[in-house]
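Letters A, B, ... are given to chains in the order of the sequence lines, protein chains preceding strands, and every chain is numbered from 1. Everything numeric in this text was worked out from a predicted model, so none of it was measured.
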Amino acid sequence: MVAPDLLGKLLAAGEGAGSVVGRIVETEAYTVDDPASHSFRGPTARNRVMFGPPGHLYVYRSYGIHWCANVVTGGLDDGEAVLLRAVELVEGVGLARERRSGRTDRELANGPGKVCQALGIDGTHDGTDLTQLSSPVRILDDGHPPPARPITGPRIGITKAIDVPWRFRSP
DNA sequence: AAAGAGATGGTCT
DNA sequence: GACCATCTCTTTT
């Protein structure tokens, strides 16, 4: 599983009437070789999930205010994850509008902190197994293929290794 | 349209 | 004590 493969997949959170689902349209890859990655200096209490099994959710607090969510993509001890930067909502838009009141629809989940706000993802979801249908947060594959030719570009919001085009977006 | 600054708190040195 | 994988609001072109 590499970063572009997540494009087109569905990210789902919540149960029943409280569920919000979005199609992943922008991701960003992080590895242990990357000075900008939380895993660069090895496992810590915060990033331990990154070194766990793949298919789990790594959630961290950004700037003391926002939550950001990653999918662990490497094998055990690899420390690889993909930041979920943006989704297009396909279900539960009403609830997302309530959580992000005052925003236009396109501003509901077009950023990593906004994705978590719109879907209701927070620190309690750190370590969630995304492959279990019964999990509070999960990744679903509805057959929608990833883009054949994703748009790539430099990563955002970091100051290190910005020359590597490890950011991917659906056209 | 673009640029700047403040909020706010955990994590690591 | 410094540094942020951000967002929003305000100010300036």
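Between A:Asp105 and A:Arg97, at least one side-chain nitrogen of the basic residue sits less than 4.0 Å from a carboxylate oxygen of the acidic one, meeting the salt-bridge criterion.
Considering only side-chain N and O atoms, A:Arg46 lies nowhere under 4.0 angstrom from the phosphate OP1 or OP2 of C:dA5. Under 4.0 angstrom from either OP1 or OP2 of C:dC7 there lies no side-chain N or O belonging to A:Ser62. For C:dC7, the OP1/OP2 oxygens have no side-chain nitrogen or oxygen of A:His66 closer than 4.0 Å.
Put simply, CD on A:Glu28 is 8 Å from P on C:dT6, counting in whole angstrom units. A straight line from CD of A:Gln117 to P of B:dA7 spans 19 Å, rounded to a whole angstrom. Rounded to an integer number of Å, the gap from CZ of A:Arg61 to P of B:dT11 is 10 Å. Straight-line distance from the CG atom of A:Asn47 to the P atom of C:dA5: 12 Å, rounded to whole Å. Computed from coordinates, the A:Arg48 CZ to B:dG10 C1' distance equals 14 Å when rounded to whole Å. Remark: C1' of C:dC7 and CZ of A:Arg99 are 18 Å apart, rounded to the nearest angstrom. Spacing between atom CE of A:Met50 and atom P of C:dA5 amounts to 11 Å, rounded to whole angstrom units. Spacing between atom CZ of A:Phe40 and atom P of C:dC4 amounts to 13 Å, rounded to whole angstrom units.
Stacking between A:Tyr30 and the base of C:dA5 is present: ring centres sit under 5.5 Å apart and the planes differ by under 30 degrees. Here A:Tyr63 packs flat against the base of C:dC4; its ring centre is closer than 5.5 angstrom to the base's six-membered ring, tilted by less than 30 degrees.
Between A:Tyr60 and A:His38, the ring centre distance stays below 6.0 Å.
For the side-chain contact (heavy atoms from CB on, under 4.5 Å) criterion with A:Val82, the lone passing option out of A:Leu7, A:Val72, A:Thr27 is A:Thr27.
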- Task: May I have the step-by-step check of side-chain contact (heavy atoms from CB on, under 4.5 Å) for A:Leu11 and A:Ile121, ending in yes or no?
- Result: CA-CA 11 Å; A:Leu11 177 66; A:Ile121 296 170; 4.3 Å; yes
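Checking B:dA7, C:dC9, B:dC12 against every side-chain atom of A:Ile65, the shortest atom distance belongs to B:dA7.
In this entry B:dG6 has C:dC7 as its Watson-Crick or G-U wobble partner, both defining distances falling under 3.5 Å.
Around the CD atom of A:Glu91, the shell of radius 6.0 Å holds more than 12 heavy atoms that belong to other residues, nucleotides or ligands.
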